[in-house]
Amino acid sequence: SDGEVERLVYFWSNQHRPGVASLKVEEIALPPATGGKGTPSEDPLLTAARQLAAEHQTISASFLQRRLRIGYPRAARIMEELEAEGIKGEEEKPEG
C-alpha cells in the first residue's frame, strides 16, 4: 500500500551508517559510453536499424521500438543517427 511504501522510504532514508557518504542521483548516473577516442560509441542495434530502413520505405522511433524491442529514448537516438546518415524517417504530422 502507499502507506507501507512511505514508511519504508522514511525508514531507509533515516538509516545512517557511519563512514558511508550519501550518494546523489547526479553521482550515480553513468557517463555516456565512449569508443576510446572521446566520442560516443555506435549503438550495437544501429546496424539492425539500417537493415530495417532498407527493407521499409519509412521508419519511425516507435517502429524501431516495436521491431528492436527497445525503449523510446534509445529508439529516438538511433532515429537521429539514421537521419544524420540521410535515411528518411516518417514525416511528422502537424498537430491540430
Side-chain angles (χ1 to χ4, degrees):
S1 72
D2 289 342
E4 287 178 300
V5 171
E6 289 177 16
R7 286 192 299 276
L8 280 172
V9 169
Y10 177 79
F11 174 79
W12 286 329
S13 65
N14 288 314
Q15 299 299 305
H16 298 287
R17 294 186 289 171
V20 177
S22 297
L23 293 176
K24 296 180 182 177
V25 174
E26 298 82 24
E27 296 170 346
I28 297 172
L30 298 173
T34 59
K37 299 176 184 173
T39 59
S41 60
E42 184 176 283
D43 191 300
L45 291 178
L46 193 55
T47 303
R50 286 185 190 116
Q51 182 65 34
L52 286 170
E55 294 171 2
H56 301 275
Q57 288 183 345
T58 58
I59 60 171
S60 64
S62 61
F63 176 80
L64 292 177
Q65 280 182 269
R66 291 188 306 274
R67 296 301 291 269
L68 301 176
R69 298 180 179 186
I70 57 176
Y72 180 79
R74 187 173 182 187
R77 283 193 300 272
I78 291 173
M79 262 319 290
E80 289 173 355
E81 285 288 322
L82 294 175
E83 288 171 350
E85 293 174 4
I87 297 173
K88 186 168 176 125
E90 286 184 348
E91 294 292 323
E92 289 188 27
K93 296 175 184 172
E95 293 183 30

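Sequence positions, counted from 1, serve as the residue numbers for this chain.
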What one should report as the nearest heavy-atom pair of Ile78 and Leu45 is CD1-CB, 4.0 Å

Those residues at least two apart in sequence (or on a different chain) that pass side-chain hydrogen bond (donor to acceptor under 3.5 Å, both in side chains) with Arg74 are Asp43

Value for CD1 (Ile59) from CG (Leu64), rounded to nearest 0.5 Å, stands at 4.5 Å

Those residues at least two apart in sequence (or on a different chain) that pass side-chain hydrogen bond (donor to acceptor under 3.5 Å, both in side chains) with Gln51 are Glu55

Across all chains, not counting sequence neighbours, the side chain to side chain contact (heavy atoms under 4.5 Å, CB included) partners of Gln57 are none

When rounded to the nearest 0.5 Å, the distance separating OG of Ser60 from CZ of Arg67 is 11.5 Å

With sequence neighbours left out, the residues meeting side chain to side chain contact (heavy atoms under 4.5 Å, CB included) with Ala61 are Tyr72, Ala75, Met79

Residue pairs passing the ring-ring contact (aromatic ring centres under 6.0 Å, His included) test with at least one member in residues 42-62, sequence neighbours excluded, are His56-Phe63

With sequence neighbours left out, the residues meeting salt bridge (charged side-chain N to carboxylate O under 4.0 Å, His left out) with Glu85 are Arg50

